[in-house]
Amino acid sequence: MDCLSFRRQLWTDPGSNDPAMDAHRAACGACAAEYRRVHELESGLRDALQVPVPADLERRILERVQAPRSPNKPANPRLALAAALLLGVAVGGLATWQWDANRRAQPALDLALLKVFQSDDAPLRMDATVEPEQVQAVLAKLGARLAGSPGPIHYAKSCTIRGQDAVHLVLGDNAGRVTVFLLPAERSGEQQSLIGDRVNGVIMPLGRGSMALLGASSADLRGVAERIRRSLVWNP
Amino acid sequence: MGRKQARFESLVQTHATELYRAAYWLCSDRHQAEDLVQETFARAWKSLDGLREQGAARAWLHTILRRENARRHERLEPELHSLDSVQLPAAASEFDSRPEAFALRQSLAQLPEGYRQPLITQVLGGFSCEEIGHMLGLSANTVMTRVFRARKRLRALLDDEPVVERDTGS
């Protein structure tokens with residue numbers, strides 16, 4: 001292999017495992033340097049192209065594919081009894097399916113949160129704080145209270161997310177403002193990243209429901225989440 | 001769980017992440033990317049019996065993804081005409097925020113679409129030029145030329161050098 005062939009193949013397919021390329025690289029210092037240069041570009045490209053993947057993507061794909069399917073009627077008369085027994089289960093299933101369908105008719109939770117976040121009219125002044133009694137009154141509507149302090153709270157209001165009662169708080173510090181939504185009616189199995197233009201966020205399980213935190217990339221989302229977890233108590 | 005269902009779930013677990021990333025770089029929008037991936041798997045479910053070799057699943061799914069994206073473009077054609085250019089989110093906060101990654105995404109955005117897609121498909125999926133050609137309806141030689149030129153252009157853009165077109169000879 002000559003230098004021209006080596007470089008042509010290198011720029012066309014840097015991942016090639018061609019032994020002839022290895023042999024040429026070992027023998028030619030200039031091409032070895034070119035190899036390092038191209039692989040540096042390739043590695044940078046791979047990093048630049050990485051995109052966070054939604055945490056529950058697989059579940060949503062499987063749900064979507066399975067949703068349109070309906071159970072077949074048993075063709076064999078001897079299965080009639082089993083079918084009758086299954087009817088009760090099916091009725092329950094139908095109720096669940098209808099509940100799910102209603103939920104699907106609502107915008108996705110992350111989109112709903114981003115919409116509220118982007119139309120956020122909370123005060124930008126981070127030196128103003130809400131009185132603890134006011135915060136407790138807002139939380140009481142959700143059946144929650146603060147048993148400790150999560151730090152200064154700059155905004156606390158009830159709100160509605162996807163037709164469900166929620167609480168909208170703004171906390172934060174020098175690292176940046178963090179908008180928090182307490183969502184007792186939104187069940188969340190696992191932590192999910194929430195990404196929008198110029199905003200990072202996370203939705204995580206909290207008590208019987210979920211909590212979402214949104215802020216600029218510099219904001220200390222995890223720190224605020226931890227402080228809320230430590231201080232928030234759900235009433236029995 | 002039926003055999004088809006188990007086979008399908010295995011496909012989703014193995015390929016969903018990679019397909020999502022490929023979808024994202026096709027449409028530059030994470031919500032559309034998820035829709036695209038869901039459409040892709042919905043179609044894959046319907047055609048699963050036609051997939052004989054498990055080893056061919058990855059390229060098969062990528063081909064479906066691209067067809068679904070093409071269908072989406074057909075549906076949205078009037079709206080897409082109003083766009084001045086493809087908007088690649090070079091500065092979006094969800095990415096690697098190092099200056100060199102930003103510069104790379106900016107340079108990628110300047111590549112012609114015909115160069116960018118084969119390159120991204122190769123970098124993200126590690127496909128051969130022949131496989132990419134099959135997905136994009138191009139010959140392997142054309143793919144080789146395009147990824148060669150795409151890398152050269154990227155390098156020139158990053159080094160702030162004039163772009164010089166040279167064929168791979170293929």
Side-chain angles (χ1 to χ4, degrees), chain A residues 4-5 7-18 34 37-69 107-108 110-111 114 176 193-202 214-219, chain B residues 5 8-9 12-13 16-21 23-25 30-31 33-34 37-42 44-46 89-98 100-108 119-120 122-124 126 128-129 143-152 154-155 158 168-170:
Chain A
L4 183 64
S5 305
R7 291 181 186 215
R8 186 183 295 152
Q9 194 166 335
L10 178 65
W11 282 88
T12 303
D13 185 7
S16 167
N17 293 319
D18 186 348
E34 182 75 348
R37 196 164 168 251
V38 170
H39 274 261
E40 195 179 306
L41 173 66
E42 205 66 6
S43 166
L45 258 179
R46 266 194 300 275
D47 290 346
L49 291 175
Q50 291 307 308
V51 185
V53 177
D56 56 353
L57 177 67
E58 291 173 18
R59 179 181 60 77
R60 291 207 286 252
I61 291 168
L62 292 171
E63 276 179 2
R64 173 158 173 183
V65 169
Q66 287 157 359
R69 290 186 296 150
D110 54 354
L111 290 179
L114 283 170
S193 293
L194 194 158
I195 301 152
D197 290 337
R198 294 180 294 282
V199 57
N200 285 325
V202 65
L214 298 96
S217 53
S218 59
Chain B
Q5 179 72 18
F8 181 72
E9 288 193 15
V12 173
Q13 283 159 9
T17 295
E18 181 186 316
L19 276 181
Y20 175 84
R21 292 202 167 114
Y24 182 88
W25 289 108
R30 68 191 192 92
H31 301 295
E34 181 165 341
V37 174
Q38 291 198 5
E39 289 291 342
T40 299
F41 276 108
W45 167 259
K46 288 177 192 163
S93 59
E94 62 262 39
F95 298 113
D96 185 341
S97 56
R98 288 172 300 161
E100 52 268 37
F102 176 79
L104 263 168
R105 285 192 296 272
Q106 255 192 337
S107 303
L108 262 178
L119 178 66
I120 288 176
Q122 191 183 55
V123 172
L124 281 180
S128 69
C129 291
V143 174
M144 286 167 73
T145 302
R146 290 189 183 185
V147 293
F148 177 91
R149 288 181 176 169
R151 285 194 176 87
K152 286 287 185 184
L154 264 187
R155 186 74 267 166
L158 289 166
T168 59
S170 53

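Letters A, B, ... are given to chains in the order of the sequence lines, protein chains preceding strands, and every chain is numbered from 1. The figures that follow rest on heavy atoms only: side chains count, while hydrogens, waters and symmetry mates do not.
Looking at Gln13(B), both its backbone and its side chain come within 4.5 Å of chain A, counting heavy atoms on both sides.
Rounding to the nearest 0.5 Å gives a distance of 5.0 Å between CZ of Phe41(B) and CD1 of Ile61(A). A distance of 6.0 Å separates CG in Leu104(B) from CG in Leu41(A), rounded to the nearest 0.5 Å. Considering CD of Glu40(A) and CZ of Arg155(B), their distance stands at 7.0 Å, rounded to 0.5 Å. Interatomic distance, CZ of Phe148(B) versus CG of Leu10(A), reported as 9.5 Å (0.5 Å rounding).
You'll find the side chain of Arg105(B) stays beyond 4.5 Å of the side chain of Leu49(A), heavy atoms only. Contact check for Leu45(A) versus Leu119(B): side-chain heavy atoms found under the 4.5 Å cut-off. Contact of the Leu62(A) side chain with the Phe8(B) side chain is registered, since non-hydrogen atoms from C-beta on lie closer than 4.5 Å. Between Pro52(A) and Arg30(B) the shortest side-chain heavy-atom distance does not fall below 4.5 Å. Between Arg64(A) and Glu39(B), the closest side-chain pair of non-hydrogen atoms falls below 4.5 Å.
Annotation for Asp13(A) and Arg151(B): closest pair N-NH1, 4.4 Å, computed over non-hydrogen atoms. Of all heavy-atom pairs spanning Cys129(B) and Thr12(A), the tightest one is SG-CG2, 4.0 Å.
Under the side-chain hydrogen bond (donor to acceptor under 3.5 Å, both in side chains) criterion, Thr17(B) pairs with no residue at all, not counting sequence neighbours. Applying the salt bridge (Lys or Arg N to Asp or Glu O under 4.0 Å) test to Arg60(A) and every residue at least two apart in sequence or in another chain returns Asp56(A), Glu34(B).
Of the listed residues Gly15(A), Ser16(A), Pro14(A), the one with more heavy-atom pairs under 4.5 angstrom with chain B than any other is Pro14(A). Ranked by heavy-atom pairs under 4.5 Å with chain B, the list Gln9(A), Arg7(A), Arg46(A) is led by Arg46(A).
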